[in-house]
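Note that the numbering runs from 1 along the sequence shown for the chain. When a ligand or atom number is given, it counts from 1 through the structure's own listing order.
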Amino acid sequence: LRINLNNNSVMELKETLLKIKKELRKYIIVSIRVVYNTETYSNKNKNTIDELKEFYDTAASLGYKLSNNRYYNRSCEACCDEKVFYITPDLGIWKCINTMSLENGKIGYINENGDMIIDAKRMLEWYSAADCFDEETCVKCKRLPDCFGGCILHKSVYGKRACTPFDMTSLSYFYD
Ligand code: SF4
Ligand code: SF4
């Protein structure tokens with residue numbers, strides 16, 4: 001259950017989470033992120049990363065699991081972890097769908113027979129770009145546990161890490 005904080009209070013979050021039956025909550029993984037501004041989205045958001053603990057505590061106390069997927073806590077968190085990919089309406093198979101004009105994240109497609117056709121070269125390139133542990137600057141960087149090498153697409157397209165100034169947190173790992 002993905003929750004975007006955009007001028008939301010803890011009470012609002014609680015009211016929403018209480019709508020789901022108690023016995024089902026242990027099966028639901030909650031991912032909470034603060035909405036940030038981009039080139040095309042500009043809004044004054046009073047929620048900040050500093051208050052995430054309050055939101056996490058609320059979700060955990062109501063019986064939900066919290067997402068500690070390491071990729072969800074990256075820059076814009078849509079880049080998939082090992083077991084995840086996206087299927088687009090044209091039956092493309094993608095690892096990142098945030099910038100469709102840059103096809104480095106497209107690792108294959110589904111053909112007319114319903115078979116998955118994987119571009120192994122593209123897939124290996126993606127996972128290679130995802131692996132920040134082969135880079136000395138990342139391994140020595142104090143932000144590594146939060147950043148995890150940053151945007152995979154950026155690395156894949158430009159050959160270097162973005163080191164973005166986005167808010168990031170590995171706080172959710174402590175709720176496991
Ligand atoms: S901030 Fe830059 S150097 Fe540090 S872990 Fe992230 S990508 Fe690597
Ligand atoms: S690869 Fe980069 S652009 Fe794509 S979802 Fe991840 S952080 Fe965002």
Trainee: For a quick test of reading the model, state the closest non-hydrogen atom pair linking Ser156 to Asn104 and the distance between them.
Mentor: OG-ND2, 3.0 Å
Trainee: Indicate if the distance from atom 4 (Fe) of ligand 2 to the nearest N, O or S atom of Cys151 falls below 2.8 Å.
Mentor: no
Trainee: Could you tell me whether the side chain of Asp119 reaches within less than 4.5 Å of the side chain of Tyr109, counting heavy atoms only?
Mentor: no
Trainee: Looking at every non-hydrogen atom in both residues, tell me the closest pair between Tyr86 and Ile97 and how far apart they are.
Mentor: CD2-CD1, 3.5 Å
Trainee: Might you point out which heavy atoms bring Leu52 and Ile32 nearest each other, and give the distance in Å?
Mentor: CD2-CG2, 3.8 Å
Trainee: Identify, by atom number and element, the atoms of ligand 1 in contact range of Cys138, meaning under 4.0 Å from any of its heavy atoms.
Mentor: 3 (S), 5 (S), 7 (S), 8 (Fe)
Trainee: Would you check if the side chain of Tyr27 reaches a backbone N or O of Tyr64 as a donor-acceptor pair within less than 3.5 Å?
Mentor: no
Trainee: Please determine if atom 8 (Fe) of ligand 1 has an N/O/S atom from Cys147 lying under 2.8 Å away.
Mentor: no
Trainee: Enumerate the atoms of ligand 2 whose separation from the nearest heavy atom of Asn98 is less than 4.0 angstrom.
Mentor: 3 (S), 5 (S), 8 (Fe)
Trainee: Run the numbers for me: atoms of ligand 2, each under 4.0 Å from some heavy atom of Trp126, listed by number.
Mentor: 1 (S)
Trainee: So if I count the atoms of ligand 1 from 1 in the order they appear, which ones are less than 4.0 Å from some heavy atom of Cys163?
Mentor: 1 (S), 2 (Fe), 3 (S), 7 (S)
Trainee: Judged by non-hydrogen atoms, does Cys132 sit under 4.0 Å from ligand 1?
Mentor: no
Trainee: May I ask whether Ile152 has any heavy atom positioned less than 4.0 angstrom from an atom of ligand 2?
Mentor: yes
Trainee: Would you indicate whether the side-chain heavy atoms of Ile152 and Trp126 approach each other to under 4.5 Å?
Mentor: yes
